[in-house]
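See structure below.
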Protein chains: 2
Amino acid sequence: MIAKSLDLLKKNNLSKTESRKGILDLFLHTNGALAHADIEKKTAAAFDRVTVYRTLQTFVDYGIIHQIPTTDNTILYALCKDDCEAGHHHDEHVHFVCNKCENTICLDDVIVPKVKLPKGFQPSQVAMVVRGVCVVCKN
Amino acid sequence: MIAKSLDLLKKNNLSKTESRKGILDLFLHTNGALAHADIEKKTAAAFDRVTVYRTLQTFVDYGIIHQIPTTDNTILYALCKDDCEAGHHHDEHVHFVCNKCENTICLDDVIVPKVKLPKGFQPSQVAMVVRGVCVVCKN
DNA sequence: AAATAATTTGCAACCATATTGCAAAATGGT
DNA sequence: ACCATTTTGCAATATGGTTGCAAATTATTT
């Protein structure tokens, strides 16, 4: 469990820089999804904004994290499960956004059900976001 | 079919202004979803940016249009079906984003399937976005 | 139809978020 | 330790969105 971030970087042939390691560690120690702003806060602005943007983009490109669609014009990112590869995400699980604590949680065990699309539509990726009250806030 | 936008405005007790009518007409004549930038372009900047933002917000509040979550930090809007009301959307249909033409289409007839969440999670709203190739671009 | 009240618009200014070019710094391979 | 390559950070710029307020438009009253 020590230095799992380094393993991940090595596995993807990414150079081990402070920012990549730091941001990846943050994801590994966070349960839910993170927005760019969260990352800036939680890393105490140790890295330049631009570096954070580029690092996130790199991680998405390499299939280390994935994006979660939102309706408030921010982008959320969360760790991919182990079987994601560069250029091809398999993050077919449901995301849950809590209306109280506003955290976004990956429900890794809840897979997105298949839907039947109208004739001619060819799906390649599905995202499902459920809003509601999470298990922590339900009381 | 003439002046359906006026009907819609009247039904919601909204004053009939040029911008509301114009923007609503645009939605009525567009098949897919629209982003703020699309609206500015297609109305030839006839209305102020601020007016467009406020008009969209008003339409969302009154249940005339709904927002579609995206992963590119924009907000998409699309017409609601008839049974939406102020403050309460029933737009539980699937949205399709085409990777080729980049249009977003409401699949009004494909309703979002129910999923079983882990114990303690209480859902209130579900969004589902499918990416792929649409019926127009499939060839 | 004119006058008034209420709402909406447009402008200016502002803030937040995101991207690009480029020089300096850090990393990896030899 | 050196050098080629990649990554970082800064500055500048672009894009997206909000707020306050006066002017204009719409609705209401008479």
Side-chain angles (χ1 to χ4, degrees), chain A residues 3 5-26 33-62 64-77 86 102 104, chain B residues 3 5-26 33-62 64-77 86 102 104:
Chain A
S5 54
L6 289 179
D7 284 358
L8 257 168
L9 291 176
K10 186 178 289 180
K11 187 158 68 179
N12 287 281
N13 279 317
L14 286 170
S15 42
K16 303 159 207 160
T17 68
E18 278 305 301
S19 44
R20 285 180 183 164
K21 190 177 159 316
I23 293 171
L24 198 42
D25 270 332
L26 184 57
L34 295 168
H36 177 273
D38 298 322
I39 295 166
E40 288 231 321
K41 256 178 250 154
K42 299 206 181 180
T43 56
F47 316 111
D48 192 84
R49 289 167 42 76
V50 178
T51 300
V52 175
Y53 282 117
R54 289 196 271 227
T55 303
L56 289 172
Q57 187 56 54
T58 302
F59 287 172
V60 171
D61 291 344
Y62 280 80
I64 298 172
I65 61 177
H66 62 272
Q67 300 179 321
I68 304 170
T70 66
T71 49
D72 66 346
N73 65 283
T74 58
I75 307 177
L76 287 177
Y77 302 88
E102 283 298 326
T104 296
Chain B
S5 53
L6 289 180
D7 284 358
L8 256 169
L9 291 176
K10 185 179 289 180
K11 186 159 67 177
N12 287 280
N13 278 315
L14 286 170
S15 41
K16 302 159 206 159
T17 68
E18 278 305 301
S19 44
R20 286 181 183 164
K21 191 176 160 319
I23 294 172
L24 199 43
D25 270 334
L26 184 56
L34 296 169
H36 176 272
D38 299 321
I39 295 166
E40 289 231 323
K41 257 176 249 154
K42 300 206 181 179
T43 56
F47 315 110
D48 191 83
R49 288 162 36 76
V50 178
T51 301
V52 176
Y53 282 117
R54 289 195 272 227
T55 303
L56 290 172
Q57 187 56 55
T58 302
F59 287 172
V60 171
D61 291 344
Y62 280 80
I64 298 171
I65 61 177
H66 62 274
Q67 300 181 322
I68 303 170
T70 67
T71 50
D72 66 347
N73 65 280
T74 59
I75 305 178
L76 287 178
Y77 302 88
E102 284 298 326
T104 296

*Nearest-Å distance for atom pair CZ/P, residues B:Arg20 and D:dT25*: 15 Å
*Would you say the side chain of A:Leu56 lies within less than 4.5 Å of the side chain of A:Ile75, judging by non-hydrogen atoms?*
no
*Which whole-number value in Å describes the distance from A:Asn13 CG to D:dT5 C1'?*
14 Å
*Write down the distance between CG (B:Leu9) and C1' (D:dT25), rounded to a whole number of angstrom.*
15 Å
*Less than 4.0 Å between a side-chain N and a carboxylate O, is that true for B:Asp7 and B:Lys11?*
no
*What nucleotide, of D:dG9, C:dT9, D:dT7, holds the atom closest to the side chain of B:Thr55?*
C:dT9
_Spacing of B:Leu56 atom CG relative to C:dT9 atom C1', expressed in whole Å_ = 15 Å
_B:Leu34: which of B:Leu76, B:Ile23, B:Ile65, B:Leu26 passes side chain to side chain contact (heavy atoms under 4.5 Å, CB included)_ = B:Leu26
*asked:* If we check side chain to side chain contact (heavy atoms under 4.5 Å, CB included) with B:Lys21, which of these qualifies: B:Thr17, B:Asp25, B:Leu24?
replied: B:Asp25
*Going 5' to 3' through nucleotides 14-30 of chain C, assign each nucleotide B (protein heavy atom under 4.0 Å from a base atom), S (under 4.0 Å only from sugar-phosphate atoms) or - (no protein heavy atom that close).*
---BBBBB-----SS--
*asked:* Pair B:Ile39, B:Thr55 - check side chain to side chain contact (heavy atoms under 4.5 Å, CB included), show working.
replied: CA-CA 11 Å; B:Ile39 295 166; B:Thr55 303; over 6 Å; no
*Nearest-Å distance, NZ (B:Lys21) to C1' (C:dT9)?*
17 Å
*asked:* Given 3.5 Å as the limit, does a donor-acceptor pair link the side chain of A:Asp48 with the main chain of A:Val50, or not?
replied: yes
